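What follows is one structure encoded as structure tokens, with my remarks underneath.
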Amino acid sequence: MRRIAYFLVAVFTIVSCSKEKKKEVVVPEIKEEIKKPLIKFGYNLDNYFIVKDTVKNGDSFGQILDENGVEYPVINKIAENIKEVFDVRKLRAGKEYTILKSKDSSQTASVFIYHQDKINHKIIHFKDTIKASDFKKQIKIVEKTASGQIESSLSKAIDDQGLSYVVSNELSDIYAWTINFFALKKGDKFKIVYEEKFIDDTIYAGMGEIKAAYFEHGGKPFYAFNYMPDSTKRYTEYYDEEATNLRRAFLKAPLKFSRISSRYNLRRRIAYYGNKIRPHYGTDFAAPIGTPIMSTANGVVVKSERRGGNGNYVKVKHNATYSTQYLHMKSRAVKVGDVVKQGDVIGYVGMTGNTSGPHVCYRFWKHGKQVDPLREKLPAADPLKDSLRKPYFHYIKPFKEKLDSITFEKEVLEFAELK
Ligand SMILES: [Zn+2]
């Protein structure tokens, strides 16, 4: 890259004894071309011939180096020497690589750079000495804000704003315990403060964390702020504006996106059974066949079998009080005795047993009796330590102000009409 630098030098001559400016001399502009060396991956690329290519199906490290003039005994030595850092058999088709060759007539290859992704690179140096190292590009994080309103679905609202689908997944994770994402309403709104990652200042490298979010569901506001409750453990949690952990011991639903097709109802009458009362002890979540079913809380699998009307089902015991059960699976992904964490996939939606369509019948047991989980006041996860409340409120203040300053077009219009 060539850059032109302008030098403008002004020289003042001051007669010191009289302390008065006598003469001002302006030296004319000097234009000078400065060529900035192109340093990448720690090498001055101006000193090399550069070969850039992509690993093709069937390509091997040996074959690529061979084609670039490295002899097989040398290639074997390289592979052997660097295997601790980089297994050359792991080159994957579709990944890019760069080879640096000397600029003399021999054009000897001396560096192989494997680009694992936009950020991570392996550098294999084999001139004089052989060594391999990891090279991580510097990432610049830019904070951004976005907002949207739900007309038909959250994913459409997110798409309309030009946001990544990752945002809808993240939002559904953040609010998995507080908002029924399977029952969003038209007019629900969201605002987020999030991060975007860039390499070399300009290359987009994906979304970072959602630092703060606001979700208005059915007219009710739900704030969420990302905060590290324990700096030694390096994990973050989302808390609301009152420092309450948004995470609960149980998820609201065993599926990420779905709708409730039938609620827990002890007085349900079914025409098929002559309008007799056939209580429904579960909550049915309809979703396409094959949709992953998650355990709604940490626990141990106590049943995983196929039986009668339940079809393929799994039962998880969470503690002395609670167990949950998931029916009509297409297939089960866990066996009795498996330890599962909240959100772990335990099976897939199907229609085995007594069912007229693909859904999961979610049954919630409390002290051995089936209850309605949507009406239960479920235990919250770890609260924020008292000593962290003050720093937390201090930390979230600018984020809350930022969220509150985002207005929706409609609100602005209404405000304008009022004036
Ligand atoms: Zn059911």
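Just so you know, ligand 1 is whichever comes first in the structure, and atom 1 is the first atom listed for that ligand. From a predicted model like this one, the values you see are computed outputs, not experimental measurements.
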Item checked: Metal check, the Zn ion (ligand 1) vs His280 N/O/S, cut-off below 2.8 Å -> yes
Check: Is the gap between the ring centers of Phe222 and Tyr214 under 6.0 Å?
Finding: no
Margin query: So, 2.8 Å as the limit: is an N/O/S atom of His359 located closer than that to the Zn ion (ligand 1)?
Written below: no
Notebook entry, point to check: Do Phe135 and Phe41 have their ring centres less than 6.0 Å from each other?
Noted result: yes
Note to self: Among the N/O/S atoms of Asp284, which is closest to the Zn ion (ligand 1)? Give the atom name.
What the structure shows: OD1
Notebook entry, point to check: Would Phe126 and Phe112 count as a close aromatic pair, with their ring centres under 6.0 Å?
Noted result: no
Next item on the list: Kindly state whether the ring of Phe250 and the ring of Tyr322 have centres lying under 6.0 angstrom apart.
Entry: yes
